[in-house]
Amino acid sequence: MNSWVNSAEILGSDLPLELSGTGNRRALLMDALREAVRSGRLAPGTRLPPYRSLAADLGLARNTVADAYAELVAEGWLAARQGSGTRVAERAAPVTPVHRARTPERVARPVHDLVQGQPDPSVFPRTAWLASARRALAAAPDDAFGPGDPHGRPELRRALAGYLARVRGVRAAPERIVLCSGAAHGLRLLAQVVGGPWAAEEYGLPFHRALLASHGVGTRPLGVDADGARVAGLTRRDRAVLLTPAHQFPTGGPLHPGRRAAVVDWARATGGLVVEDDYDGEFRYDRQPVGAVQGLDPEHVVLLGSVSKSLSPTLRIGWMVLPQRLVGPVVTAKGEREQFSSATEQLTLADFVESGAYDRQVRRMRQRHRRRRDQLVAALERRAPHIRVTGIAAGLHAVLELPPGTERSAVRAAAWQGLAVEGLADYLHPGSEDAGPADAPRDGLVVGYATPAESAYPEALEALCRALPPG
């Protein structure tokens, strides 16, 4: 089949799908695609439209459609090959991986949202951001309103170089920084430039693994324990390793100093690349700051960061701090012009950082998140003292360790309580399921405490405690 189907054939004229609604549009699109395959409307081998075309047809962001395609490739519903586009997988009956809890256990329209990953949108610093926007626009050079440089605005790259050196111990000149629309965009670019295979922590974002897979980069799991990723398992065959060393996602805890040194030694000896996802390195509560691994060896480590946790994911501004040898190839992969991040928002963020407003916002959010975390711990001590909570020294989420065999029932119970929360198994690399008894998957809940409004948070904690297995 040489031509692709259109959006009506994918969604169906009678499918009650409200992509313009307030729900998770990526999840709604994925459900529509699964249903189209299940019903036979999309036969095996059917070629889907390029994500740009489908995004335009449906009025969605391109990244939303690209991310939906990537995750469905990882699940086995779709297949993607370089040069031949994305097609329905050649199989009679698609199989959902057993490591992912799916509906009806997930809450379509939850009363309370304790899913990790995003701050409360009501605390965005609107007044300070507006002040920075006014100053940035008043001072903006004329070229800021022309075709954008794929490196990103120099004003923001200079501001980030100073900030990251001061706060995260990063060693980089502005010329080493390439701006992107977030960590996912950075991973896409690195997948194109570096190739595979990669190693990745056995617990991590399935979306990141699916994204790499959609670009032909396979991943294999590295075990995770109390000291972080077991980097001794890296081999010469691995082209790169994806780590969250400041605060392992989602289990918590920093990468042990010995392992930080060991992973840099591996990169130097093999020519491999360490990809450091610094997703929440600014939010620590009960320990001293942990500097970026990038500071140990800027020529073998890429640092990925964004403002999605500190300000808002809607800003779509992230950064890559790159080894010198990768700057040119990454910029080439990105394209001749900036297509992903608004120049005016980049200029605004540059002013926001240099004026000190960003530091003040991070301090404010750190205090708020610490208070939320303390409320969670106190509620568990009072209502469920048999449940151990871990990973709380930093970040925006905690892990509640559950008795073996109780995770799925706890997720179902949470759904009945109108609570959106995820199980630890949702984040387990599929290749980890064959581990021996000593490395058997753990049962737990990943509880995000940043999103609910202040007035709703106590009730959300009560619902959570009601959903937990008894002691």
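Keep in mind the model is a prediction, meaning the values are calculated, not measured.
- The shortest distance between side-chain heavy atoms of Val302 and Leu190 falls below 4.5 Å.
- Looking only at distances, no side-chain donor or acceptor of Gln294 sits under 3.5 Å from a matching main-chain atom of Val301.
- Within the 4.5 Å cutoff, side-chain heavy atoms of Leu424 are placed close to those of Pro250.
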Practice prompt. Give the intermediate values and the outcome of side-chain contact (heavy atoms from CB on, under 4.5 Å) for residues Glu202 and Leu428.
Written response: CA-CA 6 Å; Glu202 65 174 345; Leu428 184 64; 4.3 Å; yes
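- In this structure, Leu311 and Leu349 have side chains that are in contact, with non-hydrogen atoms separated by less than 4.5 Å.
- Listed for the Arg230 side chain is no donor-acceptor partner under 3.5 Å among the backbone atoms of Leu222.
- One distance of note links CG of Leu189 with NE2 of His185; it measures 4.0 Å at 0.5 Å rounding.
- Checking each of Arg364, Arg166, Arg366 against Asp359 for a salt bridge (charged side-chain N to carboxylate O under 4.0 Å, His left out) leaves exactly one that passes, namely Arg166.
- Inter-residue side-chain proximity for His151 and Val327 is flagged as met; some heavy-atom pair is nearer than 4.5 Å.
- Looking at Ser214 and Tyr69, their side chains never bring a donor and an acceptor atom within 3.5 Å of each other.
- Between His247 and Phe283, the gap from one ring centroid to the other reaches at least 6.0 Å.
- When all heavy atoms are compared, the tightest approach of His369 to Ala450 is CE1-CB, 3.6 Å.
- Ionic pairing of Glu454 and Arg368 is present here: one or more N-O contacts between side-chain nitrogen and carboxylate oxygen are shorter than 4.0 angstrom.
- Checked by atom type and distance alone, the side chain of Arg259 pairs as donor or acceptor with a backbone atom of Gly228 at under 3.5 Å.
- Side-chain contact check for Glu282 and Tyr163: at least one donor-acceptor pair (N or O, by modelled atom type) lies under 3.5 Å.
- Nearest heavy-atom pair, Ser409 versus Thr406, reported as atom, atom and distance to 0.1 Å: OG-O, 2.9 Å.
- By the 4.5 Å heavy-atom criterion applied to side chains, Trp77 and Leu33 are not counted as neighbours.
- Using a 4.0 Å cut-off between charged side-chain N and carboxylate O, Arg176 and Glu299 make a salt bridge.
- Ala269 and Arg236 make their closest contact through O-NH1, 3.4 Å (heavy atoms, listed as atom of the first residue, atom of the second, distance).
- Using a 4.5 Å heavy-atom threshold, the side chains of Leu205 and Gln116 count as touching.
- Of all non-hydrogen atoms in Arg209 and Glu201, the two that sit nearest each other are NH1-O, 4.4 Å.
- When all heavy atoms of Ala379 and Cys465 are compared, the pair lying nearest together is O-SG, 3.9 Å.
- Salt-bridge check for Arg382 with Glu462: passed, with a basic side-chain N closer than 4.0 Å to an acidic carboxylate O.
- For Lys334 (side chain) and Leu179 (main-chain N/O), a donor-acceptor pair under 3.5 Å exists by modelled atom type.
- The number of heavy-atom neighbours closer than 6.0 Å to CZ of Arg237, taken from other residues, nucleotides and ligands shown, is 12 or below.
- In this structure, His300 contributes its side chain and Asp265 its backbone to no donor-acceptor pair below 3.5 Å.
- The main-chain N or O of Thr235 is found under 3.5 Å from a side-chain atom of Trp266 such that the two form a donor-acceptor pair.
- Residues Arg372 and Ala453 approach most closely at NH2-C, 3.5 Å, considering heavy atoms.
- Electrostatic pairing of Arg260 and Glu276 does not count as a salt bridge here, judged by no charged N lying under 4.0 Å from a carboxylate O.
- In this structure, Arg126 places its CZ atom where only 12 or fewer heavy-atom neighbours from other residues, nucleotides or ligands lie under 6.0 Å away.
- Surrounding CZ of Arg62 are at most 12 heavy atoms belonging to other residues, nucleotides or ligands under 6.0 Å away.
- At least one donor-acceptor pair under 3.5 Å links the side chain of Ser341 to the backbone N or O of Cys180.
- The only member of Tyr427, Tyr449, Phe249 that meets ring pair (Phe, Tyr, Trp, His ring centres under 6.0 Å) when paired with His397 is Phe249.
- A heavy-atom distance below 4.5 Å is found between the side chains of Leu468 and Leu400.
- For the pair Arg442 (side chain) and Glu401 (backbone), a donor-acceptor distance under 3.5 Å is absent.
- The backbone N or O of Leu402 sits nowhere less than 3.5 Å from a side-chain atom of Glu407 that would complete a donor-acceptor pair.
- Panel note: side chain Arg168, backbone Ala165; no donor-acceptor pair is recorded below 3.5 Å.
- A heavy-atom distance below 4.5 Å is found between the side chains of Arg466 and Arg383.
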